Amino acid sequence: MKLHYFIQLGTSLLFFSFSTFAAWYEGSALLDNEYEWKYTAKFTYWLKGEPTNYKDIMQIDYFVYAAKFRPLFIWLMIISIVYFLIIISIIIKKYLKDNKIIDTTKRIS
């Protein structure tokens with residue numbers, strides 16, 4: 001595998017990690033806004049019931065809050081993971097083609 005694929009994979013994972021932590025941090029503002037618990041803490045309501053204090057809020061609800069009010073880092077997460085999956089699919093396709101697992105010489109007539 002060529003070096004530029006490793007660089008692209010590493011960069012996309014780095015962007016994904018950074019944007020995940022940033023979205024998680026921005027979503028933690030949900031803990032301070034009790035009024036939004038009813039409308040944004042959907043996973044907590046579905047799995048645990050109504051939250052009574054901030055410790056009841058599930059971590060995934062932070063991402064819901066971030067997507068609702070500060071979606072920049074959520075979009076960066078989506079873009080970087082889609083880019084990562086595209087590069088992985090290109091690598092797999094080239095590997096299968098180089099090892100003659102996929103025959104590209106056959107044509108349908």
Side-chain angles (χ1 to χ4, degrees):
M1 188 163 44
K2 295 185 179 182
L3 181 63
H4 63 88
Y5 289 130
F6 281 120
I7 292 171
Q8 290 179 35
L9 287 174
T11 304
S12 66
L13 284 178
L14 188 68
F15 270 98
F16 180 74
S17 299
F18 170 74
S19 58
T20 300
F21 288 120
W24 193 11
Y25 173 76
E26 286 189 342
S28 69
L30 174 64
L31 299 178
D32 299 332
N33 193 354
E34 290 184 30
Y35 174 74
E36 279 298 320
W37 290 2
K38 183 177 181 182
Y39 305 105
T40 308
K42 297 295 184 185
F43 288 98
T44 301
Y45 272 91
W46 289 337
L47 299 174
K48 291 185 175 180
E50 186 174 352
T52 56
N53 61 18
Y54 71 93
K55 292 180 182 177
D56 294 337
I57 303 292
M58 295 179 65
Q59 299 292 317
I60 195 163
D61 288 325
Y62 293 177
F63 294 106
V64 174
Y65 184 82
K68 188 174 180 181
F69 292 105
R70 297 180 183 121
L72 172 68
F73 291 111
I74 297 293
W75 279 110
L76 284 175
M77 283 175 58
I78 293 169
I79 291 168
S80 61
I81 199 67
V82 166
Y83 186 76
F84 178 82
L85 293 174
I86 288 170
I87 295 299
I88 289 291
S89 66
I90 289 171
I91 291 169
I92 290 172
K93 184 177 177 184
K94 285 188 183 236
Y95 174 78
L96 295 176
K97 184 179 174 184
D98 290 344
N99 289 329
K100 306 287 187 226
I101 297 172
I102 297 177
D103 189 10
T104 57
T105 59
K106 290 183 180 178
R107 298 196 187 261
I108 299 175
S109 307

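Only heavy atoms go into these numbers, but all of them, side chains included; no hydrogens, no water, no symmetry mates. Predicted model only: the values in this text are computed from it and were never measured.
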### CZ/Phe15: more than 12 non-hydrogen atoms of other groups inside 6.0 Å
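No, not enclosed.
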
### Within 6.0 angstrom of Lys94 NZ, more than 12 heavy atoms from elsewhere
no

For [X] against [Y], the heavy-atom pair lying closest together:
{"X": "Asp61", "Y": "Lys42", "answer": "OD1-N, 3.4 Å"}
{"X": "Tyr65", "Y": "Gly27", "answer": "CD2-O, 3.6 Å"}
{"X": "Ala66", "Y": "Ala23", "answer": "CB-O, 3.5 Å"}

Is there a path of hydrophobic side-chain contacts, each under 4.5 Å between heavy atoms of I/L/V/M/F/W/Y residues, joining [Y] to [X]?
{"X": "Phe21", "Y": "Leu76", "answer": "no"}
{"X": "Leu13", "Y": "Ile87", "answer": "yes"}
{"X": "Ile74", "Y": "Ile79", "answer": "no"}
{"X": "Phe84", "Y": "Ile78", "answer": "yes"}
{"X": "Ile91", "Y": "Ile86", "answer": "yes"}

### Query
Within the distance-only criterion (no hydrogens, no angle test), does the side chain of Thr44 pair as donor or acceptor with the backbone N or O of Met58 below 3.5 angstrom?
yes

### Query
Side chain of Thr40, backbone of Trp37: donor and acceptor closer than 3.5 Å?
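No, because the side chain of Thr40 does not come within donor-acceptor range (under 3.5 Å) of the backbone of Trp37.
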
Spatial distance of atom [atom1] ([X]) from atom [atom2] ([Y]) [nearest 0.5 Å]:
{"X": "Leu9", "Y": "Phe6", "atom1": "CG", "atom2": "CZ", "result": "7.5 Å"}
{"X": "Ser28", "Y": "Phe63", "atom1": "OG", "atom2": "CZ", "result": "10.5 Å"}
{"X": "Ser19", "Y": "Ile81", "atom1": "OG", "atom2": "CD1", "result": "9.0 Å"}
{"X": "Leu85", "Y": "Ile92", "atom1": "CG", "atom2": "CD1", "result": "9.5 Å"}
{"X": "Trp75", "Y": "Ser80", "atom1": "CH2", "atom2": "OG", "result": "12.5 Å"}
{"X": "Leu30", "Y": "Gln59", "atom1": "CG", "atom2": "CD", "result": "10.5 Å"}

### Query
What is the ring orientation for Phe43 with Trp46, classed by angle as parallel under 30°, tilted 30 to 60°, or perpendicular over 60°?
perpendicular

Do [X] and [Y] have side-chain heavy atoms sitting under 4.5 Å apart?
{"X": "Phe18", "Y": "Phe73", "result": "yes"}
{"X": "Tyr45", "Y": "Pro51", "result": "yes"}
{"X": "Glu26", "Y": "Phe69", "result": "no"}

### Task
Tell me, with the steps shown, if Lys68 and Tyr39 meet side chain to side chain donor-acceptor pair (under 3.5 Å).
CA-CA 10 Å; Lys68 188 174 180 181; Tyr39 305 105; over 6 Å; no

